[in-house]
Amino acid sequence: MPKPTDPQSPATRLVTGGRRAEWTGTADQPGAVVSPPVWRASTHLYPDTAALKSGPKTNEDGRFFYGRRGSPTQWALAEALTALEPGGHGTMLYPSGVAAITGALLSVLSPGDVLLMTDSAYDPSRNFADGFLRRFGIETRYYDPTIGAGVSALICERTRAILMESPGSLTFEVQDVPAICQAARAANPDIALLIDNTWATGHFMPALALGADMSILACTKYIVGHSDVMLGSVTTTERFYPRLRQTAQALGTVVSPDDAWLALRGLRTLDVRLRQHQASALKIARWLYAHPQIARVLHPALPSCPGHEVWQRDFTGSSGLFSFVLNGGSDAARAALIDTLTLFGIGYSWGGFESLAIPVDPARCRSATSWPPAGEPNALVVRLHIGLEDPDDLIADLAKGLAAFTMTA
Ligand SMILES: Cc1ncc(COP(=O)(O)O)c(C=O)c1O
């Protein structure tokens with residue numbers, strides 16, 4: 001095993017992260033293993049009452065205390081996720097992506113504060129802000145995801161946090177994260193800068209290095225990668241880690257060692273999976289772009305996507321999730337398209353090895369910007385997740401779906 005201080009490329013860090021000798025054993029010991037095993041425990045036993053009493057006082061990472069503080073399986077995953085995000089100091093794990101978003105927000109907001117949130121945020125992030133946070137006296141104001149440095153005009157004395165998401169949910173606008181972070185810090189150095197980085201992960205977008213304070217992942221998607229575990233994480237800087245950790249501990253946040261182990265297993269192959277999702281999704285997005293029944297393809301790596309130049313500058317790759325806007329049609333025709341597909345499942349979530357297709361309606365969750373855009377009154381949107389099937393098979397399936405759309409339109 002290389003020492004943790006050795007310089008390593010991102011793909012190598014995915015393989016080496018979290019494999020401490022005290023959790024796996026070393027090759028010269030009998031029984032050494034490659035991956036930390038599932039370590040199941042609620043109670044940890046102490047040799048005497050003096051040791052028992054000192055346990056809660058230390059509250060250090062990587063030290064046995066009680067099951068709620070985790071075990072080597074969860075610690076190994078947290079450490080490997082920290083290694084994924086350059087500039088990361090520590091990672092907290094959560095039982096879902098939404099729990100990670102809410103846990104991060106609760107660690108930086110207090111009654112009376114104002115939160116700025118991108119208008120393209122994942123719908124449940126908005127619901128949490130408009131319902132739960134409002135009930136506790138925290139106000140949320142939404143901003144246009146293409147705002148860039150213009151965000152400074154929205155910052156007031158009470159603004160304490162910004163929640164970015166890039167690219168945005170459903171419509172995939174790419175945000176200028178460095179410009180937003182610089183402008184916000186210039187206006188108030190105490191503002192906490194949070195980003196939902198689920199689409200690219202730290203592997204394709206180094207959010208903390210670009211200026212964010214917390215990089216939030218729905219690990220349910222690409223980290224787990226096999227559509228069988230709910231999990232979330234927040235990786236943050238040395239400055240914000242103590243309060244993130246304190247909040248998670250106060251809320252009793254814990255994830256099961258089995259789920260952590262599955263996520264760690266998924267993480268090891270993230271590089272090859274993401275590269276294949278990228279290549280297949282791009283092939284299909286370009287095919288759709290040229291199709292007469294498609295008005296627009298909303299994929300950050302295509303010039304037609306708002307913020308494409310920012311994607312080129314800040315990201316090292318793209319993943320498998322994007323949307324397209326149909327040329328005319330009706331709800332029934334869009335349903336016919338999706339129902340005709342045989343290789344695409346119909347269901348929520350994404351990031352697994354399999355392809356998915358759903359109809360989406362961004363208008364439901366926009367307030368600072370409008371959808372459909374001016375001049376496109378009937379913009380019907382389909383969101384695709386491109387899995388690891390042969391992209392030519394997926395294109396053939398989509399061609400049949402689009403033929404059904406034309407017949408029904
Ligand atoms: C961008 C984004 N963030 C967060 C989440 C929430 O993750 P989870 O489903 O694990 O709660 C999702 C889920 O679809 C998502 O798409």
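Whatever order the structure lists ligands and atoms in, that order sets their numbers, starting from 1. Note that the structure is predicted; figures quoted are calculated from it, not measured.
- The nearest protein atom to atom 6 (C) of ligand 1, hydrogens excluded, is given as Y122 CE2, 3.3 Å; this is a heavy-atom distance.
- Taking all atoms of both residues into account, the shortest heavy-atom contact from P377 to P372 is O-CG, 3.4 Å.
- Within the structure, the closest approach of G232 to ligand 1 does not fall below 4.0 Å when heavy atoms are considered.
- The closest side-chain donor-acceptor pair between Q246 and Y241, if any, does not fall under 3.5 angstrom.
- When heavy-atom distances to ligand 1 are checked against a 4.0 Å cut-off, S125 has no atom that comes that close, whether in backbone or side chain.
- Residue, atom and distance of the protein heavy atom nearest to atom 8 (P) of ligand 1 are G97 N, 3.4 Å.
- Pairing each heavy atom of G67 with each of V254, the nearest pair is O-CG2, 3.9 Å.
- H385 places a side-chain N or O within donor-acceptor distance of the main-chain N or O of E354, the cut-off being under 3.5 Å.
- W350 counts as a contact of ligand 1, since one of its heavy atoms falls under 4.0 Å from the ligand.
- The heavy atom nearest to atom 13 (C) of ligand 1, out of those in R383, K221, M230, is found in K221.
- Ranking protein heavy atoms by distance to atom 10 (O) of ligand 1, first place goes to T220 OG1, 2.5 Å.
- Protein heavy atom nearest atom 2 (C) of ligand 1, with residue, atom name and distance: D196 OD2, 3.5 Å.
- For R243, the CZ atom counts as densely surrounded, since its 6.0 Å shell holds more than 12 non-hydrogen atoms of other residues, nucleotides or ligands.
- Scanning both residues, A184 and L193, for their nearest heavy atoms gives CB-CD2, 3.7 Å.
- Atom-to-atom distance recorded for D271:CG and F204:CZ is 6.5 Å, nearest 0.5 angstrom.
- The parts of V98 lying near ligand 1 are both backbone and side chain, judged by heavy-atom distances below 4.0 Å.
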